[in-house]
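Here is how names work: the chains are called A, B, and so on, in the same order as the sequence lines, proteins then strands, and each is numbered from 1. Because the structure is predicted, anything quoted here is derived from the model rather than measured.
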Number of protein chains: 2
Amino acid sequence: MEQKRKATIVDVAKLAGVSVATVSRVVNANYPVKEETRTRVQDAIRELDYVPNVQARELNTRRSSTIGVVVPGLYNMFFAQVIDGIEDYLRQDAYSLLLNCAKNDPKQEMKCITALVSRNVSGIIVISPNTAHIKESFYTQLVRRTPLVFINAYHYIPDVSYVGNDEALGTQEALRHLMQLGHQRILFVRGANSDSYQIKEDTFRVVMRGRGIQPDKYIVNIGEGNSAETVDDTQQTLLGALPQTDATAVFCCNDLMGVGALNACKALNLRVPDDISIMGFDNIALARYVSPKLTTMDQNMFRLGSNAAQLLIERIENGPCKRITLDNVLVKRETTGRAPMRMEG
Amino acid sequence: MEQKRKATIVDVAKLAGVSVATVSRVVNANYPVKEETRTRVQDAIRELDYVPNVQARELNTRRSSTIGVVVPGLYNMFFAQVIDGIEDYLRQDAYSLLLNCAKNDPKQEMKCITALVSRNVSGIIVISPNTAHIKESFYTQLVRRTPLVFINAYHYIPDVSYVGNDEALGTQEALRHLMQLGHQRILFVRGANSDSYQIKEDTFRVVMRGRGIQPDKYIVNIGEGNSAETVDDTQQTLLGALPQTDATAVFCCNDLMGVGALNACKALNLRVPDDISIMGFDNIALARYVSPKLTTMDQNMFRLGSNAAQLLIERIENGPCKRITLDNVLVKRETTGRAPMRMEG
DNA sequence: CTGTTAGCGCCTTCAG
DNA sequence: CTGAAGGCGCTAACAG
């Protein structure tokens with residue numbers, strides 16, 4: 001069966017016996033039209049099942065009501081929840097969302113963005129956990145023609161709006177929570193290739209040194225931190241690391257790792273939080289689903305997303321470039337508790 | 001800072017001293033162009049940072065390389081993983097993905113679709129778990145102009161392609177697995193408002209009756225099955241139901257419920273799988289993350305997504321309407337085991 | 001090989 | 001209040 005040709009404004013005009021201009025006017029309701037002709041046009045529209053062609057409209061008004069979103073992938077619910085927030089905000093402003101996954105590959109990321117630009121999006125939101133080998137000139141060039149918002153990126157580029165959490169502060173808060181419970185020695189679990197891990201590690205080092213503890217031997221890197229294997233990889237790594245450490249608590253750079261740590265403890269017959277405490281970071285849905293429920297720092301991804309959408313739209317409408325930093329808030333659940341008594345001596 | 005006006009094909013033509021047709025030819029590489037002029041044009045393109053306007057191109061060729069995807073939301077990783085599969089396949093065919101969340105609301109769903117049509121997408125993929133109050137005429141009308149693919153929808157509409165799992169068969173398989181382990185009385189946990197739950201329940205009833213067991217008192221409905229609260233809701237419901245049942249196993253319509261059941265067991269101090277077995281359905285990432293790891297029926301969402309994308313593209317290129325049914329495969333993990341000995345008598 | 005030209009579907013002055 | 005006409009950026013004949 002062949003597709004029916006879509007009706008155009010000309011078809012409607014003909015059927016209604018008016019000019020295309022008039023049809024345009026009733027569709028957009030931007031100029032007065034006599035009641036009677038309006039209904040005639042509307043009848044024709046219904047009859048032909050006419051839907052205006054947004055592409056044509058936008059070509060000629062040189063505006064575009066779609067925005068592009070680039071994420072590394074959907075494996076970590078973190079990104080899904082951010083997208084949820086973006087989508088929700090955009091819907092209210094009648095924007096549409098073009099989604100691209102960059103697979104954690106900077107080259108892919110730039111490709112996605114070019115594709116988005118050629119699709120004439122009116123702005124782009126990028127979540128790029130790793131801005132280390134970011135091609136800065138690419139972005140400075142890009143932003144001259146297309147408004148840009150980064151989420152949680154730690155790489156300053158002029159005129160790029162930004163929304164993120166103060167992860168250094170969040171890390172301090174998390175560490176303080178642990179210390180208030182009496183934990184002195186804390187194992188720091190991070191992944192590879194993400195600015196946010198580095199920021200957290202730096203913070204960790206400072207805090208530990210401030211407590212007179214040499215941090216080096218308390219840091220473990222489990223590799224890729226946002227993949228389908230992150231939980232298992234973390235568990236495997238900690239199965240080796242946990243028995244050798246004298247730490248009484250584990251701080252994980254995200255919840256995937258947190259759950260991996262939890263599973264490692266179970267496998268090792270360590271009671272959580274009685275024998276050892278665990279903290280995650282992000283507060284993805286998973287954190288609530290496991291048992292015991294994971295204590296974590298909430299990044300409120302939904303808000304991250306909706307704020308980013310808001311900034312982008314402001315920028316599109318010639319508002320200023322802004323940089324918003326949100327607070328992480330501690331969500332105490334069931335994996336943190338008082339440090340166990342020292343048995344030695 | 002104001003945006004730089006984007007360069008057009010005319011700008012490039014002028015700078016290179018050629019006609020727009022020639023520029024078009026080198027951009028699309030579809031007609032021979034003399035080596036020397038080609039490089040001249042390419043230089044101009046680079047100099048002006050020219051990116052072709054896809055909207056204009058597609059307006060003119062009456063094709064469109066974007067397709068629309070409508071999902072209920074991103075809360076259940078199920079949908080995120082399906083999208084992953086779609087995105088991956090589309091990328092290879094240079095299509096882009098316009099994402100819309102319908103929030104489980106049929107009205108919203110139709111709105112999304114209309115928006116997609118007006119954006120001139122060349123096809124639409126819909127995941128709509130609940131086709132009960134589907135407005136059939138809307139879809140029959142729609143499909144006359146835009147190719148359509150349903151994922152996991154149990155509502156036949158002529159000329160709509162479809163890809164899904166045989167959930168009845170999957171349910172049988174799951175039940176058989178449980179029965180082979182010696183379980184006779186099985187609790188069936190479902191949610192509200194989804195065709196797939198109903199299909200599973202019907203299958204459950206038939207199987208149980210076949211075993212001479214009255215199914216009614218073994219069926220529990222936990223309400224909304226794809227929300228952020230599904231896990232907790234299930235846990236709450238089962239906290240009440242589990243102590244009153246003589247079932248030795250629980251079959252859950254999706255993994256969110258499966259994890260909820262698992263948590264309920266923990267809270268009740270029931271050992272899984274020694275005291276009670278639990279089966280999920282879907283095999284979302286979460287199933288592997290919890291501990292003990294959830295035994296479940298794999299729906300292979302990624303494949304669901306990539307197959308849907310493939311069907312859609314075939315249809316767009318005037319291929320036939322197809323209906324594909326994939327198999328669920330049993331993934332034995334750690335939550336199912338032999339039925340406990342009966343203590344009574 | 002290259003330039004000219006006529007639209008794609010729509011909006012928007014500019015005249016009635 | 002309504003119609004005619006130009007043009008958004010690009011492609012696809014059709015002539016050279």
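Rounded to an integer number of Å, the gap from Lys14(B) NZ to dG9(D) P is 11 Å. One atom, CZ of Arg38(B), and another, P of dC1(C), lie 9 Å apart when rounded to the nearest Å. Here dA4(D) presents its C1' atom at 10 Å from CZ of Arg25(A), a figure rounded to the nearest Å. Distance Leu48(B) CG to dC10(D) P: 12 Å, rounded to the nearest Å. If you measure from atom CZ of Arg40(B) to atom P of dC1(C), you get 15 Å, rounded to the nearest angstrom. Atom P of nucleotide dC8(D) and atom CD1 of Ile9(B) are separated by 13 Å, given to the nearest angstrom. If you measure from atom CG of Asn28(A) to atom P of dT13(C), you get 13 Å, rounded to the nearest angstrom. Between Tyr31(B) atom OH and dC10(D) atom P there is a gap of 18 Å when expressed in whole angstrom units.
Proximity of Thr37(B) to the phosphate of dT2(C): a side-chain N or O atom is located under 4.0 Å from OP1 or OP2. Dashed line: the shortest gap from a side-chain N or O of Ser19(B) to OP1 or OP2 of dG3(C) is under 4.0 Å. For dC8(C), the OP1/OP2 oxygens have no side-chain nitrogen or oxygen of Asn120(B) closer than 4.0 Å. Proximity of Tyr50(A) to the phosphate of dC10(C): a side-chain N or O atom is located under 4.0 Å from OP1 or OP2. Between Ser24(A) and dC11(C) there is a side-chain polar atom (N or O) within less than 4.0 angstrom of OP1 or OP2.
Paired with Val126(B) under the rule side-chain contact (heavy atoms from CB on, under 4.5 Å), one option of Leu142(B), Asn152(B), Ile113(B) passes, and it is Ile113(B). The side-chain contact (heavy atoms from CB on, under 4.5 Å) with Cys321(A) is formed by just one residue from the set Val143(A), Asp159(A), Leu148(A); it is Asp159(A).
Residues from residues 53-63 of chain A with heavy atoms under 4.0 angstrom of DNA chain C, sorted by number: Asn53(A), Ala56(A), Arg57(A), Asn60(A), Thr61(A).
Every residue meeting the ring-ring contact (aromatic ring centres under 6.0 Å, His included) condition with Phe150(A), not counting sequence neighbours, appears here in chain and number order: Tyr139(A).
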Output side-chain donor-acceptor pairs under 3.5 Å for residues 65-72 of chain A, partner residues at least two apart or in another chain, one line each.
residue, atom, partner, partner atom, Å
Ser65(A), OG, Glu58(A), OE2, 2.7
Ser65(A), OG, Arg119(B), NH2, 2.2

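No donor-acceptor pair under 3.5 Å is formed between the side chain of Arg91(B) and the backbone N or O of Cys112(A). Judged by distance alone, with hydrogens and angles left aside, the side-chain atoms of Ser161(B) form a donor-acceptor pair with the main-chain N or O of Lys322(B) at under 3.5 Å. With hydrogens and angles ignored, the 3.5 Å screen pairs no side-chain donor or acceptor of Asp93(A) with any backbone N or O of Tyr95(A).
In this structure, Pro32(A) and Ala21(A) both approach DNA chain D, and ranking their closest nucleotides by distance from the 5' end singles out Pro32(A).
Backbone-only contact: Val18(A) has heavy atoms under 4.0 Å from sugar-phosphate atoms and none from a base.
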